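First comes the structure, then the notes that go with it.
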Amino acid sequence: MSLTVVGSIAFDSVRTPFGERDRMLGGSAVHFALAASFFTDVGVVGPVGDDFGEAELELLRERGVETRDIERVEGGETFFWRGHYEHDLNVAHTDDTRLNVFGDFEPKLSDASKAADVVFLGNIQPELQRGVRAQCNGAGLVALDSMNLWIETARDSLVAAISEVDCLLLNDAELRMLTEEPNLARAARAVMELGPRIVVAKRGEYGAALFTPDGFFAIPGFLLEDVRDPTGAGDSFAGGFLGYLDGAGARDGDDRELRRAMAYGSVLASFNVEDFGTERVSRLTRDEIEDRLAEFKRLTHFEE
Ligand code: AMP
């Protein structure tokens with residue numbers, strides 16, 4: 001049981017109606033890895049610059065995340081994202097994206113990362129996702145996430161990357177944008193025609209919907225009264241979802257296990273949004289996860 005993730009390793013400057021942070025640790029791979037680390041062994045692949053310190057690496061290592069394949073680029077700068085949210089926290093507004101060291105990164109995976117059972121191609125340039133995917137041939141489950149920027153600027157590469165994976169996780173608006181299908185059921189079917197057998201439409205605070213060849217399942221978000229920063233919620237969802245599947249040895253995508261994984265995804269995302277960046281998930285415990293899962297099942301009458 002092991003999971004490899006590639007995606008952004010970032011400094012994020014974020015403003016929400018509830019506060020702001022400058023250059024906090026973030027990135028799709030970071031949020032994903034922290035969430036998945038509660039369930040399985042996770043290794044992160046990706047570059048950082050000279051500005052990425054030991055403290056940031058330590059935060060990952062404290063959660064048991066393997067950082068061997070995080071490559072430090074001499075003289076380089078770490079990926080940077082600036083964004084803000086208005087009162088509708090479901091919509092992220094990007095103000096600046098600087099790929100920096102990701103601009104000419106060529107992933108070279110260690111043998112341990114190549115041998116992963118589950119692979120998550122987190123949000124980053126689609127050609128990079130493909131480069132990692134090509135090196136992980138033995139994986140039983142490969143999933144991919146992306147965003148509007150790549151749909152707009154690298155559509156052909158993204159479609160090629162999607163056709164090479166088992167599972168696509170995307171915001172519902174991005175699923176519609178990718179497939180040019182206003183109807184979500186048709187959009188999911190259009191994605192399945194490209195290759196993936198599992199499609200997850202993320203719906204922010206409203207939860208997520210799962211499409212498989214045999215069925216459809218939707219789960220709400222865990223209802224919170226205090227949400228401070230939604231950045232990384234999607235990646236935390238993916239980390240809970242895939243981390244659970246890998247930890248449970250459920251890589252063949254049995255529908256019952258997928259439903260359980262959706263519940264863990266919702267729970268991890270709900271913790272992530274309670275505070276800025278990685279602040280909440282980095283001090284989370286497995287007991288808190290199980291307690292919230294039990295509460296979530298009780299409130300939603302969720303039966304597995
Ligand atoms: P989400 O889970 O969708 O909220 O993703 C949030 C993370 O995505 C932030 O921590 C950003 O660093 C990262 N991010 C934003 N834009 C991009 C991009 N174009 N490529 C890769 N990562 C990004």
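Keep in mind that this is a model prediction, so the values were computed, not measured. Every number for a ligand or one of its atoms is a count from 1 in the order of the listing.
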Requested in this report: Begin from the C-alpha positions of T97 and M147 and carry the test side-chain contact (heavy atoms from CB on, under 4.5 Å) through to its verdict.
Outcome: CA-CA 13 Å; T97 302; M147 72 181 289; over 6 Å; no
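- Salt bridge annotation for E127-R133: absent, with no cationic side-chain nitrogen under 4.0 angstrom from a carboxylate oxygen.
- The nearest protein atom to atom 6 (C) of ligand 1, hydrogens excluded, is given as G232 N, 3.5 Å; this is a heavy-atom distance.
- In the vicinity of A233, heavy-atom distances shorter than 4.0 Å reach the ligand 1 atoms 2 (O), 4 (O).
- In this structure, the separation between CZ on F52 and CD on E77 is 13.5 Å, given to the nearest 0.5 Å.
- When only non-hydrogen protein atoms are considered, atom 21 (C) of ligand 1 lies nearest to N123 O, 2.9 Å.
- When the options F79, F11, F80, F32 are ranked by their closest heavy atom to atom 23 (C) of ligand 1, first place goes to F79.
- Residue contacts with ligand 1, taken as heavy atom pairs separated by less than 4.0 Å, involve T231 via backbone and side-chain atoms alike.
- Of the protein's non-hydrogen atoms, S8 OG, 3.7 Å is the one closest to atom 13 (C) of ligand 1.
- Counting heavy atoms under 4.0 Å from ligand 1, residue A92 does not touch it at all.
- A salt bridge is defined here as a Lys NZ or Arg NE, NH1 or NH2 lying under 4.0 Å from an Asp or Glu carboxylate O, and R130 with E164 meets this definition.
- Residues I219 and F296 have side chains in contact (heavy-atom distance under 4.5 Å, counting atoms from C-beta outward).
- Residue contacts with ligand 1: A10 is placed with no nitrogen or oxygen under 3.5 Å of a nitrogen or oxygen of the ligand (distance criterion only).
- Ligand 1 has a nitrogen or oxygen under 3.5 angstrom from a nitrogen or oxygen of G234.
- In R61, the CZ atom is crowded: over 12 heavy atoms of neighbouring residues, nucleotides or ligands sit closer than 6.0 Å.
- When all heavy atoms of S2 and A116 are compared, the closest pair comes out as OG-CA, 3.3 Å.
- The protein non-hydrogen atom at the shortest distance from atom 3 (O) of ligand 1 is D235 OD2, 4.2 Å.
- Ranking the protein heavy atoms by distance from atom 10 (O) of ligand 1 puts D12 OD2, 2.4 Å first.
- Using a 4.0 angstrom heavy-atom cutoff, F237 does not count as in contact with ligand 1.
- Ring-plane geometry between Y264 and F39 is classed as perpendicular, the angle between the planes exceeding 60 degrees on a 0 to 90 degree scale with a lower cut at 30.
- Neither the backbone nor the side chain of Q125 has a heavy atom within less than 4.0 Å of ligand 1.
- The protein non-hydrogen atom at the shortest distance from atom 8 (O) of ligand 1 is S28 N, 4.2 Å.
- With a 6.0 Å cutoff to the six-membered ring centre and a 45° limit on the axis angle, R283 does not count as a cation-pi contact of F271.
- Close contacts of ligand 1 with H31, meaning ligand atoms under 4.0 Å from a residue heavy atom, involve 10 (O).
- The atoms of ligand 1 that sit less than 4.0 Å from any heavy atom of G26 are 10 (O).
- Here is the list of ligand 1 atoms found below 4.0 Å of a heavy atom in G27: 9 (C), 10 (O), 12 (O).
- Of all atoms in ligand 1, listed by their number and element, those nearer than 4.0 Å to a heavy atom of L149 are 19 (N).
- Salt bridge present: R23 and D51 bring a charged side-chain N and a carboxylate O closer than 4.0 Å.
- Under the 3.5 Å distance criterion, the side-chain polar atoms of N272 are left unmatched by any main-chain donor or acceptor of S236.
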